[in-house]
Each structure stands twice: as C-alpha cells, then as structure tokens.
Amino acid sequence: MSYQQLFKGLYVPNVFSPGNTDALIGNWQPKGEKLASYRVEVYNRWQELQWSSDKLDENGSPTESWDGTFKGVPCQPGIYIWRIQATFIDGTTWQNQDIGNRENMPNLDLGTITLIR
C-alpha cells in the first residue's frame, strides 16, 4: 500500500443552513478524497428525490453541493435522507464508518441531514 492510499475518506455533514455565509454550514456537500466513483442522492420524507450528484474533481473529491432547493424552490426546513454509494481508488467500498464503538450497528449507505432556515 502506498503512502497516497493511506489518506482516503468521506465525511457527510448532518446539518446545513442554505444561504448562510459560514462555509461550514452553508450549502450541503459531503467532503472526501481519493474517490474513484461516487453518487449521492437526497430524498424528502415522501422518498422523492430532491438532488443528486456524481461529480468528482481530479483528487477524487465531491465538487457539487445541494443548496436546499428542488426545481428552484426552497425546500421546507426539516430532516432529509441522503444515500451515498462510493468506491475509493484502491477499490475499497465506502462503508459509512466513523470513529467510535459501532458494535451491533449496521453499516448503512444512508443517513439524515437537517435543513435549517
């Protein structure tokens, strides 16, 4: 394994506030690197697709963010569901793992995000 392969990952924020000038909570965008393929989808509580992206830059980092709108109309504040399928350049699949005790917890490719206005 090369030094370059050691630093890979994907972080998914769980809250955002569209239009906020703070770069950390403005538009919603997963942060990652060394991704070979990537697809993110955001759904409302009725399982209607609100936004999706599969764009990566030359470093394998996601390039697009969700601005909290659907067809140009601001979405209601609340909880939305994201789903991500991703593979790193070393061929491993992202398993939505984080730090901590995950004993008896499934590795799901989905989670929730809270939209605050």
Side-chain angles (χ1 to χ4, degrees):
M1 178 179 294
S2 75
Y3 176 76
Q4 293 295 324
Q5 291 175 326
L6 292 177
F7 299 100
K8 65 179 183 183
L10 183 60
Y11 166 75
V12 183
N14 62 4
V15 66
F16 79 119
S17 180
N20 192 313
T21 57
D22 185 335
L24 296 176
I25 62 171
N27 289 352
W28 184 77
Q29 181 177 0
K31 307 291 185 197
E33 60 181 50
K34 306 286 190 289
L35 293 163
S37 66
Y38 160 85
R39 174 139 183 100
V40 59
E41 299 170 336
V42 175
Y43 295 89
N44 64 16
R45 69 172 119 187
W46 298 280
Q47 299 178 10
E48 298 167 331
L49 181 64
Q50 304 296 292
W51 177 78
S52 66
S53 176
D54 61 359
K55 305 290 189 272
L56 296 170
D57 66 15
E58 64 278 354
N59 298 317
S61 299
T63 61
E64 296 182 322
S65 62
W66 182 41
D67 63 1
T69 65
F70 177 65
K71 295 184 178 180
V73 178
C75 294
Q76 293 295 314
I79 297 174
Y80 291 78
I81 297 168
W82 57 259
R83 181 176 185 154
I84 295 177
Q85 296 173 319
T87 303
F88 294 103
I89 59 173
D90 66 1
T92 58
T93 302
W94 181 68
Q95 299 292 318
N96 191 15
Q97 294 176 324
D98 57 13
I99 298 171
N101 183 357
R102 294 186 59 88
E103 187 174 331
N104 299 320
M105 292 180 66
N107 290 329
L108 302 174
D109 62 353
L110 53 91
T112 59
I113 178 162
T114 303
L115 187 158
I116 299 172
R117 293 212 183 264

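Computed from heavy atoms alone, side chains included, the values below leave out hydrogens, waters and symmetry copies.
- Applying the salt bridge (Lys or Arg N to Asp or Glu O under 4.0 Å) rule to pairs touching residues 38-49 yields Arg39-Glu41, sequence neighbours excluded.
- Put simply, CD1 on Ile81 and CD on Gln47 are 7.0 Å apart, with the number rounded to the nearest 0.5 Å.
- The distance between the ring centers of Trp28 and Tyr80 does not fall below 6.0 angstrom.
- Applying the side-chain contact (heavy atoms from CB on, under 4.5 Å) criterion to Thr69, with sequence neighbours excluded, gives Asp67.
- Heavy-atom minimum distance, Asn27 versus Pro18: OD1-CA, 4.2 Å.
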Side chains of residues 56-63: which donor-acceptor pairs under 3.5 Å do they make with residues two or more places apart or in other chains?
from	atom 1	to	atom 2	distance (Å)
Asp57	OD1	Asn59	N	2.9
Asp57	OD1	Gly60	N	3.2
Asp57	OD1	Ser61	N	3.0
Ser61	OG	Gly32	O	2.6

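- A distance of 13.5 Å separates NZ of Lys55 from OG of Ser65, quoted to the nearest 0.5 Å.
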Practice task
Go through the steps for Asn96 and Asp109 under the test side-chain contact (heavy atoms from CB on, under 4.5 Å), then give the verdict.
Solution key: CA-CA 6 Å; Asn96 191 15; Asp109 62 353; 5.8 Å; no
Which donor-acceptor pairs under 3.5 Å do side chains of residues 110-117 form with protein atoms, sequence neighbours excluded?
from	atom 1	to	atom 2	distance (Å)
Arg117	NE	Cys75	O	2.9
Arg117	NH2	Gly68	O	2.7
Arg117	NH2	Cys75	O	3.3

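- Here CG of Leu10 is found 11.0 Å from OG1 of Thr87. Values are rounded to the nearest 0.5 Å.
- Residues Trp94 and Phe88 have side chains in contact (heavy-atom distance under 4.5 Å, counting atoms from C-beta outward).
- The two residues Ala86 and Leu35 make their nearest non-hydrogen contact at CB-CD2, 3.8 Å.
- Residues passing the ring pair (Phe, Tyr, Trp, His ring centres under 6.0 Å) test with Tyr38: none are found, sequence neighbours excluded.
- Scanning both residues, Glu64 and Ser52, for their nearest heavy atoms gives OE1-O, 4.5 Å.
- Between Gln50 and Tyr43 the shortest heavy-atom distance is CG-C, 4.1 Å.
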